[in-house]
Every structure is written in C-alpha cells, then in structure tokens.
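Being a predicted model, the structure only gives us computed values, none of them experimental.
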Amino acid sequence: ADSAAPLPAIFRAERFPLLLSVQPDPKRSWLVRGIGVLTYARDGRLLLWNDPSHGARQLAEGLPAGHLLWAESATRDAQVRAVIGRLSERGLYALTYDFETAICKLVRLTCDISQPGHCFMLAGAVFVVGAQALAVIDAESGQSLTTSPFPRCLYHRGRFFRKREGTGWPWSAVAFDGNDVVWELLFNEDARRIGLLAVFDAVRKENPVGVTAAGELISIGSDVRQRTNLPAPPGNLHVLGISRDGSKILFEYSEASARKRTLIDVHTLAATPQAPNVDPLAAVESENWKWVRPVTLRRRFEGLGVSASGELILIGRRDSLWPLRFDERDQRICLATQPVETELVVSRRFEVLDQSATNRYSLAVAAFEDGSRAVLDARGLLHLKNSDPELPECTIVLIEGPTSGWVSDGRYWGTPYFVGPSSLTDDRAIYEQVLRPFTERLR
C-alpha cells in the first residue's frame, strides 16, 4: 500500500496518549521498585504498568529484536537500565530509560568474544560471559574495555561464579577496577561444608546473600545467618528460581516422599506454598502481576466498510461483520461482541502499509475513493482519517463492548484503563462529530 501518506496523527503526539494492553511474558518483564513493571514487548515496544486499574504506558518503540537479558530493579538518578537483544557479536544493546526526560537511549555493544552465553551490568559496565573469556563493555559508548580469560569456574548468576571441581576459588564475584577484571573470593572450602546452593544480590541488602542446603540465608561478609520457614530439615533441597531483584526464592524439596515447592521472601522470611507444577519464573516474579492486568484487544480484521444504515463495519475472517456503533441504551460507542448480518454499501480490504523501520508492529490501510483512510494497527487500534482536512482524526481501541479512544484535537472518550486520568468527552459527541462524518463521506 502507499507509504507516501503520513502516518496517523497519534504517531506525531509527543507522548503516546492512550494506554494499551499486551499479554506480558515473565521473561520479558521486570519490577522496578517505586515505578512499576516494565515490559520489553516482542514487537519492540517498552511499556510501563504502574496502576493495576490502568493499561500500560508506551515509553518507547522500535527497539531491536531479541530477549531481555538483564535488567536492574531500582532507578539511579531517575534512570533504569537493561541489556536487550541477542547474545552475539553485534546483537547486544544497553538500554537506558530516563523517567524525568522520557528519553530512551539505546547503545549497540561491541562484543568480541566467542560463544557469549550470559551477560549482566555492574557500575556502568556490561559483562559478557563467553565459553572461556569475559568481556567488559562500556554501556555509554558500547566500546570494549577489556577481555579477560577467567579461571576454570562455572558461571552461576549475576556477578557470581562457582568452582569447578579440582581447582581453586569455590565461589567468587567479579568486578572491574577501570583497567582490569578483578576476582573476589567469597568462600573457600567451607562453602562445601555448609552446602552453599546459590549466591545472589538482593535489593535493599548490602551484602550478597547465600543459600545453604539446610535452607539458611547467609549474609556474605557479615556471616549473619537466618533460618527460613522451610520444613526442617528439608530433604534434597533445590533452588528453582530467584527473582530479578533477589527478593524471592523458589525452593523445591522432598517431604513425606513428595516433591514440594515453597516461595520464600528474602526480607520477611515468609513462606508461601506453591503448586508442584508452578512455573518457576512466574512464581518468583509473582509481585509483577499485582501491577499488570491485561485485557484482550481485537487485532485481526481483513477490511472496513459502511452499512446501509451508516454504521462503520469491521470485516473479520470469513467476511464476518462487526459493527462499531453508538449504543443508545448504554450511551457508549461499542464494538459488537458478535458478528451481525447486514448489507455493506462500500468496503475496502486492509493492505499492509509499507513503513520505515521505526516500529516492528504491523500497520494495514484501507484507502477509500474520497481520500479517507482507516489504518489497522497490530497494537489493537483503529486510526480514522477523514478526507476533509478540517475534521479531526481519531484512534479507537479495539476492545469488544464499550470502546475508548483519542481525537487529534485532544479529546478522549472511554474508560480510565485506556485513557488514564484524562478528562472525558461524551461518547455521543465523539460519535456525532468524528465517527459519523467519517462514514457519511464514504456512503
């Protein structure tokens, strides 16, 4: 389809005016204390959930394809950092989002080691763990700072490594002193004696935390030990997962010949039994879901038309017809929850819109003879542009039942879930002044 026409007006808004919804993946979402939950969506958007009664705020788009590889759980100078992309020579990026300036900065990282397998960030440097070497990369410039072979040890998590049998240094932490990689010995042979299972950093904890086979938590450096509320003594204890911020640990253990799982809060030591088939990542990141309340949006339509009565009709699969009408009983603009039988006086198919690489979600346009355009947005939106330049554009959230939306003259309608605290215009006024004029010119 023609890409010369400008994108819908909402793309030119300084801040994306509507709140949206995605099905968040625990692997791509993380909790930032005092802020909310961030989601790095598969279509390249960065979204913020910060109110369980609202949808997600779009902070950025056009981010590269890949995975959420590391993320920090607290802001520093109003900024939060993450490492995204692919573990490859040119696929890694350092992401910084500034909540005060609303600027998202992305830096490609130069990684010159073979077989990168893990990464983390520490004091402004990104560490990439390869098969036999460790690369340190400046997160601001993306340039390599140093590459260092590491002792015969296994990567554990975060900045922590553990011993390979038959060599020294059972547990150690890595750092960068500005010139070289520095290895700090955490435990010597007594780590084996106490049965250390895991070591990690936890939010609001000054020292690293160690977990023992007896179910104790050790503050490494102070040797303070805390007994968790796991059954004593737990048999065959395993650590199945640790939250990104280190505040939750999921244990699996044997009790009365059965395998059981318990989630432990590192700060309160509270124990919460978990179902035996619970997903470990979903369990340790369960606090995220207090913020996230996704809803289902309609994204798959094949065309748009107008009925003989002047209603806007979305055309679904197998030519099913879904009216977008003003409901007199509810006094709301609604998308039908069931297809209807009706006659179309005009219709156009959506054609994929050629666009720049600024975003990675699809847009498709239905272009009408009079110059009016409707753009179907894979984020669950429909953008309408009247051929009369004096009339405003609008964007409609495609949710079954009562809809919400934004008009290019600054008006909103609908529910706080999609429009936040914005003041609302009466649905009837929007329908009569924006939607009705759009369909009238097409008939």
Side-chain angles (χ1 to χ4, degrees), residues 1-2 5 8-10 18 295-353 362-409 411-415 418 424-443:
D2 178 25
I10 200 167
L18 291 170
V295 298
T296 300
L297 301 182
R298 295 292 304 271
R299 295 175 168 86
R300 296 181 178 177
F301 291 103
E302 297 180 359
L304 188 76
V306 179
S307 69
S309 62
E311 290 181 336
L312 196 64
I313 307 291
L314 283 154
I315 304 170
R317 292 178 175 178
R318 295 183 292 276
D319 291 328
S320 56
L321 304 179
W322 302 79
L324 188 63
R325 56 166 63 122
F326 183 75
D327 188 301
E328 290 287 353
R329 185 185 65 181
D330 293 337
Q331 296 291 296
R332 298 291 305 275
I333 299 169
C334 295
L335 175 61
T337 57
Q338 296 290 335
V340 300
E341 296 285 337
T342 190
E343 180 185 348
L344 299 182
V345 295
V346 62
S347 67
R348 289 290 185 276
R349 292 285 163 174
F350 287 117
E351 297 181 21
V352 175
L353 185 64
S362 65
L363 301 175
V365 63
F368 294 87
E369 286 186 5
D370 75 317
S372 297
R373 291 163 63 88
V375 175
L376 183 66
D377 187 322
R379 293 174 294 179
L381 305 171
L382 179 67
H383 312 285
L384 301 180
K385 180 178 176 59
N386 199 299
S387 58
D388 183 350
E390 298 298 316
L391 292 173
E393 297 184 39
C394 77
T395 293
I396 305 165
V397 180
L398 294 177
I399 184 169
E400 292 183 7
T403 64
S404 300
W406 172 85
V407 184
S408 59
D409 58 17
R411 288 180 289 172
Y412 293 83
W413 80 93
T415 66
F418 295 108
L424 300 177
T425 298
D426 181 71
D427 281 40
R428 182 184 288 277
I430 298 293
Y431 190 77
E432 297 294 341
Q433 297 167 22
V434 183
L435 269 65
R436 201 70 162 152
F438 181 85
T439 59
E440 287 296 333
R441 295 183 71 90
L442 304 184
R443 295 175 68 185

With rounding to the nearest 0.5 Å, note down the distance linking CG in D377 to OG in S362.
-> 7.5 Å
Heavy atoms of A374 and L382 approach each other most closely as CB-CD1, 4.3 Å
Would the number of heavy atoms belonging to other residues, nucleotides or ligands and lying under 6.0 Å from CD of E369 be above 12?
-> no
Note: E302-R349 ion pair, threshold 4.0 Å (strictly below) | yes
Name the one of I430, L314, L384, V434 that satisfies side chain to side chain contact (heavy atoms under 4.5 Å, CB included) with I396?
-> L384
Looking only at atom types and distance, does a side-chain atom of S404 sit under 3.5 Å from a main-chain N or O of T415, one as donor and one as acceptor?
-> yes
Gap between atom CG of L376 and atom CZ of R299 - 0.5 Å precision | 10.5 Å
For residues L335 and I399, report the shortest heavy-atom separation together with the two atoms involved.
-> CB-O, 3.5 Å
Between CG on residue L321 and OG1 on residue T342, distance to nearest 0.5 Å | 7.0 Å
Sorted by chain and number, sequence neighbours left out, side chain to side chain contact (heavy atoms under 4.5 Å, CB included) with R318 holds for none
Report yes or no: do S372 and R441 form a side-chain donor-acceptor pair below 3.5 Å?
-> no
For the pair T403 (side chain) and I333 (backbone), establish whether a donor and an acceptor sit closer than 3.5 Å, ignoring hydrogens and angles.
-> yes
Side-chain heavy-atom pair L297, F418 within 4.5 angstrom cut-off | yes
Are the side chain of R373 and the backbone of K385 linked by a donor-acceptor contact shorter than 3.5 Å?
-> no
When rounded to the nearest 0.5 angstrom, what is the spacing between OH in Y431 and SG in C334?
-> 11.0 Å
Under the criterion salt bridge (Lys or Arg N to Asp or Glu O under 4.0 Å), which of R411, R332, R325 is the partner of D427?
-> R332
For the side chain of S408 and the backbone of P392, is there at least one donor-acceptor N/O pair under 3.5 Å apart?
-> no
Step by step, work out the side chain to side chain contact (heavy atoms under 4.5 Å, CB included) result for V397 and L381.
-> CA-CA 5 Å; V397 180; L381 305 171; 3.9 Å; yes
Hey, could you give me the OG1/CZ distance between T395 and R379, rounded to the nearest 0.5 Å?
-> 8.5 Å
Shortest non-hydrogen contact from E400 to W322?
-> OE2-CZ3, 4.2 Å
Identify the heavy atoms of L304 and I315 that sit nearest to each other, and give their distance.
-> N-CD1, 3.8 Å
List the atom of A308, the atom of V345, and the distance in Å for their closest heavy-atom pair.
-> CA-CG1, 3.7 Å
For the side chain of D370 and the backbone of S387, is there at least one donor-acceptor N/O pair under 3.5 Å apart?
-> no
CZ-CG distance between R428 and D327, expressed to the nearest 0.5 angstrom = 10.5 Å
Does F301 reach the side chain of L398, with side-chain heavy atoms less than 4.5 Å apart?
-> yes
Heavy-atom check, side chain of N386 versus side chain of P437, under 4.5 Å = yes
Between E393 and A9, is there a donor-acceptor pair closer than 3.5 Å when you use the side chain of the first and the backbone of the second?
-> yes
Minimum-distance pair of heavy atoms, taken over all atoms of S320 and P339 = CB-CB, 4.0 Å
